[in-house]
J.: 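Structure provided below as structure tokens; questions to follow.
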Amino acid sequence: MSTEPLPPRDSMEFDVVIVGAGPSGLSAAIRLKQLNADLTIVVVEKGSEVGAHILSGAVVDPAGLDKLVPDWRDDPDCPLKTQVKDDHFYWATSSLAIRLPNFITPPLMHNHHCYIGSLGNVCRWLATKAEALGVEIYPGFAATEVIYGEHGEVRGIATGDMGIGRDGEPKASFTRGMELLGKYTLFAEGARGSLSKQLIAKFALDAKSEPPKFGIGLKEVWQIDPAKHNKGLIQHAFGWPLGNSTGGGSFLYHYDDNLVAVGFVVHLNYNDPYLSPFDEFQRFKTHPKIRDVFEGGKRIAYGARAITEGGYQSVPRLSFAGGALIGCSAGFVNVPRIKGIHNAMGTGMLAAEHVAAALAAGRANDELSEYENAWRGSAVGKDLFKVRNVKPLWSKFGTIIGVGLGGFDMWMNTLFGFSLFGTLGHAKPDRAALDPAKTHAPIAPPKADGKLTFDKLSSVFLSNTNHEEDQPVHLKVADMALQKTSEHDVFAGPSNRYCPAGVYEWVEEGAEPRFVINAQNCVHCKTCDAKDPNGNITWVPPEGGGGPNYQAM
């Protein structure tokens, strides 16, 4: 390792720096410009382009768009064209799918006012709106460091150096990162954001909240036989192939020109170390109710992403000196609705309004406590409060009883404005949920036929994932000995199964197995960062522009 100091970074000053060009970051940028056109705003995005790392179902509650861009339905360039027409909910066994009548589901679960589409394309469209207002957007640059002032306040971020070799030495192509400094910095990194994690720890933002909870969402997009396409139909299901003690569910969304988005969500508090969310997703597609939809069709996209599931009681403090968390950096997904886009946009706009007011008052780099004090009374807080007990009840009582109790609790909150359960806690983080492997039996994966079911590597190929191979591995194992004695010896190497991209494998070589990290396969889902049983794996941003390049996810 060279001991020569790196050259100093160049820096640029802005009124507001935003990390992440997802729905919350772009909404914040647009709202700031709507409130004060003279503000200088920069959005830095680690994906190769806006939308490259964006993955969601996505059935979009238009509440956020209606506030941010009221005439979006009349904009021919807006990619949301398909309104939900039919809304079906099923309980699945291995051979049956029993439809639950819509009248028993709480009103907030109904979707007929929502729209189906690609969130990545929505973000691309929002980016054009932001740039038209004068927002600077820098894709292909990963924010890797928080810059602090002399009093510990956040002053901005630094982007990662480019052209570092795997050995840690600068290559001929080396380029120093930039410092982007602002009066306020908003962190919109999405679930398990690398800088957001650091900020939560540094400022003890989670001191009064429940542990964060996560799920993994896997998604494919198919072009299907037009005769089988039912534009505007959405189907949600829970049950098979997951057991009663494992939370999760599935979705099928018919939209646009013969497209179907099919997805599978597994709550990461599952206890069986042999469970593979990817394989259960493939198994789900073989269900008699499902497989016919895909016969004669073609799979055109694949991806995966961690989902924040802690809800109301897991949201940390949002504000700190010099900035704030917005969107899924803090966790605003409504778990039973499988929706978070409207809340991500809502928190982005809410933060923007308080930032604009602070700047108008001549403030800078102080705490936006008004934003923290306002969110629970906002539409976002009210949305999450009604469903706050669904996840804890599901986790405690299993799918059959837990979902029933959760539905009852949502009805109580909807009709009477209170819960008989009060506000339940989450008990422990997801990484602490795994049982030792000796208490479970291995699960045989479904055979990949290349037509309906697939393997991980062919799926990663569809995600257009690419990393510069000669760069430091961005998946950091703190203690490799612990990985062997615990992750391998006690839990039978669950990283090989919970990762949806084939990044991790234990290679048996003689007496000692070797932990291999295929970092070039990483789709940036960050499941390992949440599920490793010892918290021994940390995801950090690779060189900017690396990772998946989703086109319409």
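Along the sequence shown, residues carry numbers from 1. For the numbers below, each heavy atom of this structure counts, side chains included, while hydrogens, waters and symmetry mates do not. A quick note: this is a predicted structure, and the numbers were derived from the prediction, not measured.
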J.: Should the ring pair Phe385 and Tyr312 be called parallel, tilted or perpendicular, given that the plane angle runs from 0 to 90° and is split at 30 and 60?
T.: perpendicular
J.: Closest heavy-atom contact between Ser94 and Pro288?
T.: O-CD, 3.7 Å
J.: Check whether any side-chain heavy atom of Tyr550 lies under 4.5 Å from a side-chain heavy atom of Leu55, and answer yes or no.
T.: yes
J.: Is any side-chain heavy atom of Leu482 closer than 4.5 Å to one of Lys484?
T.: no
J.: Look at atom CG of Asp449 and say whether more than 12 heavy atoms of other residues, nucleotides or ligands are closer to it than 6.0 Å.
T.: yes
J.: Which heavy-atom pair separates Ser196 from Phe187 by the least distance, and what is that distance?
T.: OG-CB, 3.8 Å
J.: Whether the side chain of His287 engages the backbone of Trp240 through a donor-acceptor N/O pair (distance < 3.5 Å, no angle test) should be reported.
T.: no
J.: Could you check whether Tyr255 and His229 have their ring centres less than 6.0 Å apart?
T.: no
J.: Examine the side chains of Asp206 and Ser209 and answer whether a donor and an acceptor come within less than 3.5 Å of each other.
T.: no
J.: Does the side chain of Arg388 come under 3.5 Å of the side chain of Thr423 through a donor N or O and an acceptor N or O?
T.: yes
J.: Checking the side chain of Glu487 only, and the main-chain atoms of Pro533 only, is there a donor and an acceptor separated by less than 3.5 Å?
T.: no
J.: Verify, without hydrogens or angle tests, whether Gln282 (side chain) and Asp455 (backbone) share a donor-acceptor contact under 3.5 angstrom.
T.: no
J.: Is there a donor-acceptor pair closer than 3.5 Å between any side-chain N or O of His53 and the backbone N or O of Pro548?
T.: yes
J.: Is the side chain of Lys81 donor-acceptor paired with the backbone N or O of Pro76 at a distance under 3.5 Å, no angle test?
T.: yes
J.: Is there a side-chain contact between Asp529 and Thr538 in this structure, where contact means two heavy atoms from C-beta onward sitting under 4.5 Å apart?
T.: yes
J.: Using only heavy-atom distances, determine whether the side chains of Asp87 and His112 contain a donor-acceptor pair under 3.5 Å.
T.: no
J.: Please confirm whether the ring centroid of Tyr115 lies under 6.0 Å from the ring centroid of Trp72.
T.: yes
J.: Give a yes or no on whether Lys476 atom NZ has more than 12 heavy-atom contacts from other residues, nucleotides or ligands under 6.0 Å away.
T.: yes
J.: Can you tell me how the ring of His467 sits relative to the ring of His474, calling it parallel under 30°, perpendicular over 60° and tilted otherwise?
T.: parallel
J.: Quick one: do Ile216 and Leu268 satisfy side-chain contact (heavy atoms from CB on, under 4.5 Å)? Show the steps, please.
T.: CA-CA 7 Å; Ile216 178 173; Leu268 287 182; 3.9 Å; yes
J.: For a ring-ring contact (aromatic ring centres under 6.0 Å, His included) check, start with the C-alpha distance between Phe278 and Phe264, then their side-chain angles and the critical distance, and finish with the verdict.
T.: CA-CA 9 Å; Phe278 176 89; Phe264 199 73; over 10 Å; no
J.: Looking at Asp383 and Arg337, is there a salt bridge between them, counting it only when a charged N and a carboxylate O are closer than 4.0 Å?
T.: yes
J.: When you look at NZ of Lys298, are more than 12 heavy atoms from neighbouring residues, nucleotides or ligands closer to it than 6.0 Å?
T.: no
J.: Determine the minimum heavy-atom distance between Ala519 and Val473, stating which atoms define it.
T.: CB-CG1, 4.0 Å
J.: Provide the closest heavy-atom pair for Asn534 versus Ser486 in the form atom of the first, atom of the second, distance.
T.: ND2-OG, 3.0 Å
J.: Is the closest side-chain heavy-atom distance between His426 and Ser395 below 4.5 Å?
T.: no
J.: Over all heavy atoms of both residues, which pair between Val266 and Pro277 is shortest? Give the atoms and the distance, please.
T.: CG2-CB, 3.9 Å
J.: Look at the aromatic rings of Tyr253 and Phe251 and report parallel, tilted or perpendicular, splitting at 30° and 60°.
T.: parallel
J.: To the nearest 0.5 Å, what is the distance between CG on Asn521 and CG on Asn466?
T.: 11.0 Å
J.: How many angstroms lie between atom OG of Ser245 and atom CH2 of Trp394, to the nearest 0.5 angstrom?
T.: 12.5 Å
J.: Using side-chain contact (heavy atoms from CB on, under 4.5 Å), reason through Leu325 and Ile200 one step at a time and then give a plain yes or no.
T.: CA-CA 9 Å; Leu325 306 178; Ile200 290 170; 3.9 Å; yes
J.: Check the angle between the aromatic planes of Phe515 and Trp506 and answer parallel, tilted or perpendicular using the 30° and 60° thresholds.
T.: tilted
J.: Quick one: which residue pairs count as a salt bridge (Lys or Arg N to Asp or Glu O under 4.0 Å) with a foot in residues 216-237, not counting sequence neighbours?
T.: Glu220-Lys285, Glu220-Arg299, Lys228-Asp292
J.: For Asp532 and Gln483, test the side chains for any donor-to-acceptor distance below 3.5 angstrom and give the result as yes or no.
T.: yes
J.: Whether the side chain of Asp279 engages the backbone of Pro445 through a donor-acceptor N/O pair (distance < 3.5 Å, no angle test) should be reported.
T.: no
J.: Name the one of Leu233, Val262, Ile234, Asn230 that satisfies side chain to side chain contact (heavy atoms under 4.5 Å, CB included) with Leu252?
T.: Val262
J.: Between Phe294 and Trp222, what is the ring plane arrangement, given parallel below 30°, perpendicular above 60°, and tilted in between?
T.: tilted
J.: Is the shortest side-chain heavy-atom distance between Phe214 and Ile307 below 4.5 Å?
T.: no
J.: Just by distance, do the side chain of Ser56 and the backbone of Ala58 share a donor-acceptor pair under 3.5 Å?
T.: no
J.: Does some side-chain heavy atom of Val507 sit less than 4.5 Å from a side-chain heavy atom of Glu505?
T.: yes
J.: Would you give the length of the straight line joining atom CD1 of Ile116 to atom CG of Leu80, rounded to the nearest 0.5 angstrom?
T.: 10.0 Å
J.: Give the minimum heavy-atom separation between Lys531 and Asp430, together with the two atoms involved.
T.: NZ-O, 3.3 Å
J.: Indicate yes or no for a side-chain donor-acceptor contact from Ser463 to the backbone of Val460 under 3.5 Å, with no hydrogens or angles considered.
T.: yes
J.: Do the two ring centres, one from Phe454 and one from Tyr302, sit under 6.0 Å apart?
T.: no
J.: Taking only residues two or more places apart in sequence or in another chain, which ones pass side-chain hydrogen bond (donor to acceptor under 3.5 Å, both in side chains) with Glu469?
T.: none
J.: List the steps, then state whether side-chain contact (heavy atoms from CB on, under 4.5 Å) holds for Thr246 with Glu280.
T.: CA-CA 11 Å; Thr246 303; Glu280 297 313 308; over 6 Å; no
J.: Looking at Lys46 and Glu189, is there a salt bridge between them, counting it only when a charged N and a carboxylate O are closer than 4.0 Å?
T.: no
J.: For residues Phe332 and Trp375, establish whether the separation of their ring centroids is below 6.0 Å.
T.: yes
J.: Should Val265 and Ser250 count as side-chain neighbours, where that means a heavy-atom distance under 4.5 Å?
T.: no
J.: Is there a side-chain contact (heavy atoms from CB on, under 4.5 Å) between Asp409 and Leu393? Walk through the geometry before answering.
T.: CA-CA 9 Å; Asp409 192 63; Leu393 288 167; 4.3 Å; yes
J.: Any side-chain heavy atom of His524 sitting closer than 4.5 Å to one from Trp539?
T.: yes
